[in-house]
Amino acid sequence: MNATRKQLTPAAVRLAATTLILAEGYTTTLCVKQFLRNRGYRAYQAEVSQWLLVIASQQGWSVHDNGLFRVYYFPRLPLLPQ
């Protein structure tokens, strides 16, 4: 049995994170790593964390570091005046 895994790409990390944020309202590198592994990617925590921080910065996502891990989510839009 040849257990070949797919190469991790920034696009795969971005798609996984976006999917999880849309589904749950937020995500973490651990969730993204597990999501990718379940879909056949060779995903390691350090690499996912590195890519996710770059992607979040490029996309303008909000990041909260609680001291143990970073939580990623889409920024809240201000309410429009009535």
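Here the structure is a predicted model, which is why all the values come from computation and not from measurement.
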Would you indicate whether Tyr26, at its atom OH, is surrounded by more than 12 heavy atoms from other residues, nucleotides or ligands within a distance under 6.0 Å?
->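 No.
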In this structure, are over 12 heavy atoms from other groups packed under 6.0 Å from Trp51 atom CH2?
-> no
State the [atom1]-[atom2] distance between [X] and [Y], to the nearest 0.5 angstrom.
| X | Y | atom1 | atom2 | answer |
| --- | --- | --- | --- | --- |
| Tyr72 | His64 | OH | NE2 | 12.5 Å |
| Thr29 | Arg70 | OG1 | CZ | 7.5 Å |
| Asp65 | Leu53 | CG | CG | 9.5 Å |

Would you call Leu30 and Phe69 a side-chain contact if the rule is heavy atoms closer than 4.5 Å?
-> no
Considering all heavy atoms of both residues, which atom of Lys33 and which atom of Ala43 are nearest to each other, and what is their separation?
-> CG-O, 3.7 Å
Can you name the closest pair of heavy atoms from Pro75 and Ser62 and give their distance?
->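 Looking at all heavy atoms of both residues, the shortest contact is CA-OG, 3.4 Å.
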Look at the side-chain heavy atoms of Ile, Leu, Val, Met, Phe, Trp and Tyr, link any pair under 4.5 Å apart, and say whether Val54 and Val48 land in one connected group.
-> no
Between Val63 and Val32, is there a shared hydrophobic cluster once you connect ILVMFWY residues whose side-chain heavy atoms come closer than 4.5 Å?
->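 Yes, because Val63 and Val32 connect within a single hydrophobic cluster, where side-chain heavy atoms sit under 4.5 Å apart.
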Kindly list each side-chain donor-acceptor pair under 3.5 angstrom involving residues 8-24, sequence neighbours excluded, with atom names and distances?
unit_1	atom_1	unit_2	atom_2	d
Thr9	OG1	Ala12	N	3.1
Arg14	NH2	Gln59	OE1	3.3
Thr18	OG1	Arg14	O	2.8
Thr19	OG1	Leu15	O	2.7

Please determine if Arg39 forms a cation-pi arrangement with Phe35, meaning its NZ or CZ atom is less than 6.0 Å from the six-membered ring centre and no more than 45° off the ring axis.
->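 Here Arg39 passes the 6.0 Å and 45° test against Phe35.
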